[in-house]
Each structure stands twice: as structure tokens, then as C-alpha cells.
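Just below is one structure, and these are the notes that go with it.
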Amino acid sequence: KNRAKEFPRFQKLMELALQGRIRHAGNKILSWNMNCVRMRGDGNDGIRPIKPERFKSGKRIDGAVALILALSRAMFHKGSVYETRGLVSA
């Protein structure tokens, strides 16, 4: 993994969350996942989520990681493939 690229997306998620700009329609699973996330600095001004011990804690962060990946996609990939190739039908 390229840890250098992780910092901006985690930082952006924290920024948006602290501003109250993350909305999820009260999804209980995502709320639970987000409450389970812990972040750790990497010593190089970067941060990353810490995966809980799967069999000991009962905590899950899958939804939080999916949100981080989706945010990353929105931040770094402008436009849509459908704008250039259109919708593919079978």
C-alpha cells in the first residue's frame, strides 16, 4: 500500500466529520463502524485506521473503510467513465 496517499483521504474524512458534513440517514451499522475506528499516526505526518482484533473485540470497521475509499474516489477521480463511453448494455 502507498501510505503517502492515505493521509489526505483520512484527513478529509475527519475534517468533514468534525464539520458535521457526513450524513448517512441514521444508518446504525455505519454509526457503529465509525465509533469502532481508531486512528494511528505513522510518524511521517500520516494517519491510518487501526483494525480491531477481530475475534477479541467484536468491533468492525468495514463500513468506515468503505466510506474512506469512496471519499478517496470522489477526491482523486474527477468525472465519470460514463461521460466518455456511455452506459454499457448487455
Side-chain angles (χ1 to χ4, degrees):
K1 291 182 179 183
N2 186 345
R3 298 272 185 225
K5 289 184 178 179
E6 290 182 359
F7 177 69
R9 60 187 176 197
F10 299 145
Q11 184 69 29
K12 187 66 171 178
L13 177 61
M14 288 189 340
E15 175 186 319
L16 293 172
L18 291 172
Q19 292 173 354
R21 296 179 58 199
I22 300 290
R23 296 184 185 171
H24 55 75
N27 184 294
K28 292 179 183 182
I29 301 297
L30 184 56
S31 293
W32 172 58
N33 285 176
M34 292 300 289
N35 285 327
C36 293
V37 172
R38 299 296 175 260
M39 304 301 262
R40 176 177 290 159
D42 66 4
N44 296 317
D45 293 330
I47 55 175
R48 63 185 178 92
I50 302 303
K51 188 174 182 178
E53 292 187 44
R54 184 175 184 93
F55 297 108
K56 291 183 180 179
S57 71
K59 295 180 178 180
R60 301 291 181 268
I61 63 170
D62 301 0
V65 171
L67 176 60
I68 291 167
L69 293 174
L71 180 59
S72 175
R73 181 87 177 165
M75 287 172 59
F76 297 112
H77 301 281
K78 303 298 180 198
S80 169
V81 66
Y82 301 112
E83 292 173 358
T84 56
R85 71 173 172 119
L87 194 59
V88 177
S89 61

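Ile68 and Ile29 fall into different hydrophobic clusters, where Ile, Leu, Val, Met, Phe, Trp and Tyr residues are linked whenever their side-chain heavy atoms come under 4.5 Å apart, directly or through other members. Tracing side-chain contacts under 4.5 Å through hydrophobic residues (I, L, V, M, F, W, Y), one reaches Met39 starting from Leu30; they form part of the same cluster.
With hydrogens and angles ignored, the 3.5 Å screen pairs a side-chain donor or acceptor of Arg38 with a backbone N or O of Asn35.
The heavy-atom pair separating Pro52 from Ser57 by the smallest distance is CB-OG, 3.4 Å. Minimum heavy-atom separation, Ser31 to His24: OG-CE1, 3.0 Å. The two residues Lys51 and Ile61 make their nearest non-hydrogen contact at CA-CD1, 3.9 Å. Closest approach of Lys59 to Trp32, counting heavy atoms only: CA-CZ2, 4.2 Å.
Ile22 CD1 to Lys12 NZ: the interatomic distance, rounded to the nearest 0.5 Å, is 9.5 Å.
In this structure, the side chains of Asn33 and Leu67 stay at 4.5 Å or more apart for every pair of heavy atoms. Counting heavy atoms from C-beta outward, Asn27 and Met34 have side chains that stay 4.5 Å or more apart.
For CD of Glu53, the number of neighbouring non-hydrogen atoms (other residues, nucleotides, ligands) closer than 6.0 Å is 12 at most.
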In sequence, state the C-alpha distance, the side-chain angles, and the governing distance for Leu71 and Leu16, and then conclude on side-chain contact (heavy atoms from CB on, under 4.5 Å).
-> CA-CA 10 Å; Leu71 180 59; Leu16 293 172; 4.0 Å; yes
